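Some notes on the structure that comes next.
Lettering of chains follows the sequences in order, A, B, ..., and the numbering in each one begins at 1. No experiment lies behind these values; they were computed from the predicted model shown.
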2 protein chains.
Amino acid sequence: MARKTGSNGEKTRAAVEEAAIRLIARHGFAAVSMRQIAREVGVQAGALYLYTPDKQSLLFDIMRGHMEHLLASWEAEAPDPATPAVARLERLVRFHIDYHIHRPEKVFISYMELRNLEPDNFAEIERLRRAYEGVLEDILRAGAADGVFHMEDARITTMAMIAMLTGVSTWYRDSGRLQPAAIAAHYVDMAFRLVGGARIAQAAE
Amino acid sequence: MARKTGSNGEKTRAAVEEAAIRLIARHGFAAVSMRQIAREVGVQAGALYLYTPDKQSLLFDIMRGHMEHLLASWEAEAPDPATPAVARLERLVRFHIDYHIHRPEKVFISYMELRNLEPDNFAEIERLRRAYEGVLEDILRAGAADGVFHMEDARITTMAMIAMLTGVSTWYRDSGRLQPAAIAAHYVDMAFRLVGGARIAQAAE
DNA sequence: GTCTATATACTGATAGAC
DNA sequence: GTCTATCAGTATATAGAC
């Protein structure tokens with residue numbers, strides 16, 4: 001209710017974000033001008049400032065939105081904390097691969113454009129990133145405590161596994177040799193190798 | 001011989017490259033201006049063009065130099081191809097971690113600034129990058145053929161291992177908890193886990 | 001080898017008409 | 001909600017003095 005003038009504006013707002021994501025992922029934040037984004041949307045540069053106070057906010061909103069949605073999506077499908085670590089790890093790996101394969105541009109931006117965030121914005125994104133790392137680290141430590149995972153150093157294994165899993169977005173292509181489900185199955189296998197844990201037998205589709 | 005005027009110029013040439021590496025690693029290629037680089041070196045902007053035809057060449061030379069030096073360094077210390085795959089993998093992992101820990105800026109640039117290369121330059125860097133991936137993939141396939149490594153998919157394991165190993169440069173700090181040799185030992189352990197291969201017993205320093 | 005000065009173009013952001 | 005016009009600043013690169 002009460003949005004008699006907002007109808008077209010909401011469409012434009014979404015178009016601005018989509019254009020910004022596409023262009024920043026392709027050329028980098030610093031290399032993209034407000035005029036380029038406006039041209040992609042089909043408006044003049046001045047009109048963009050109806051939807052963002054400045055260029056920096058455009059970047060920050062994309063990255064914060066991505067990280068918050070990533071965390072919220074995991075919360076929504078995370079197993080009960082009482083679930084055995086083996087099952088929780090498999091679920092997280094499948095979630096991570098699936099999420100990263102299907103949002104290559106936002107993932108790319110969130111890893112590449114940290115340098116272009118102003119200090120306060122950088123701190124906020126770092127906080128969210130560490131919260132996500134903590135999800136994995138908690139599962140690994142729980143498995144080690146239960147004696148089902150065997151690692152030399154849980155922190156390094158966490159960082160190594162995150163890098164290994166996120167790396168899928170650097171080479172995955174829709175037209176590639178393997179389907180997403182098969183790729184996820186391979187990464188689940190490799191994740192269990194890294195923690196020295198036996199995986200519950202299951203169809204590897 | 002015959003460089004009566006080049007003495008000071010060679011110093012400046014080196015200073016230009018060092019300043020460019022430092023600034024591009026920190027702020028990103030597109031966000032760094034020729035004036036900033038000149039200021040860091042202590043010359044005026046116009047003087048930079050004595051040492052580079054344009055800004056793009058500055059970036060390309062850094063990245064090509066890095067990749068060629070990486071490959072040449074490995075060639076120089078690579079074990080004989082007849083060496084068992086287990087020993088070759090351990091050597092490559094130690095080499096990779098050591099190399100990446102000690103050159104954080106060049107590594108960072110080479111992974112982050114691919115987007116800012118012009119098409120021909122991009123193709124050349126990609127060629128070098130794939131050659132390096134091939135070094136690892138060859139070792140993994142040799143080990144699988146010998147029955148000492150056991151992987152579901154050698155190509156995916158190669159990409160996963162490269163991502164895992166290179167990830168060290170995103171979190172390593174000189175002032176951190178672990179020394180480089182200890183970190184390398186952890187990554188050797190994890191690499192052997194990934195390929196399902198038993199490592200020859202050895203002091204893990 | 002380096003500087004100063006400059007050409008030419010583009011940048012982010014704002015003001016005011018409609 | 002969008003456009004036009006514009007400000008003030010900066011960009012890369014070059015020409016010519018020294």
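In this entry the distance linking CD of Q56(B) with P of dA11(D) reads 18 Å, nearest Å. Atom CZ in F29(A) sits about 10 Å away from atom C1' in dG12(C), given to the nearest Å. Distance L48(A) CG to dT14(C) P: 13 Å, rounded to the nearest Å. The interatomic distance linking L23(B) (CG) with dA11(D) (P) rounds to 12 Å, in whole Å. Counting to the nearest Å, the C1' atom of dA11(D) and the CZ atom of R35(A) are 13 Å from each other. Rounded to an integer number of Å, the gap from K55(A) NZ to dC10(C) P is 15 Å. Going from atom CG of D54(A) over to atom P of dT11(C) covers 17 Å, rounded to whole Å. As a whole-Å value, the separation of K11(A) NZ from dT2(D) P is 11 Å.
Note on V41(B): nothing from the nucleic acid sits closer than 4.0 angstrom, heavy atoms only.
Residue-to-nucleotide proximity on DNA chain C shows that, of S33(A) and G46(A), the 5′-proximal contact is made by S33(A). Of the residues near DNA chain D, V43(A) and A45(B), the one whose nearest nucleotide (by heavy atom distance) lies more toward the 5' end is V43(A).
For the pair T12(B) and dG1(C), the criterion of a side-chain N or O lying under 4.0 Å from OP1 or OP2 is not met. Between Y49(B) and the phosphate of dC3(C), there is no side-chain N or O to OP1/OP2 separation shorter than 4.0 Å. For dT2(C), the OP1/OP2 oxygens have a side-chain nitrogen or oxygen of Y51(B) closer than 4.0 Å.
With respect to the salt-bridge test (charged N to carboxylate O, under 4.0 angstrom), the residues D138(A) and R141(A) do not qualify. Between D98(A) and R94(A), no side-chain nitrogen of the basic residue sits less than 4.0 Å from a carboxylate oxygen of the acidic one, so the salt-bridge criterion is not met.
Checking dG1(C), dC3(C), dT2(D) against every side-chain atom of Q44(B), the shortest atom distance belongs to dC3(C). Looking at the side chain of A47(A), the nearest of the listed nucleotides dA13(C), dT2(D), dT14(D) is dT2(D). Residue L50(A) places its side chain closer to dG1(D) than to any other of dG1(D), dA13(C), dT14(D). Taking every side-chain heavy atom of M34(A) into account, dG12(C) is the closest of dT2(C), dG12(C), dG1(D).
The ring of Y132(A) has its center closer than 6.0 angstrom to the ring center of H96(A).
No more than 12 heavy-atom neighbours from other residues, nucleotides or ligands sit within 6.0 angstrom of CD on Q179(B).
Between E152(B) and H186(A), the closest heavy-atom pair is OE1-ND1, 2.9 Å.
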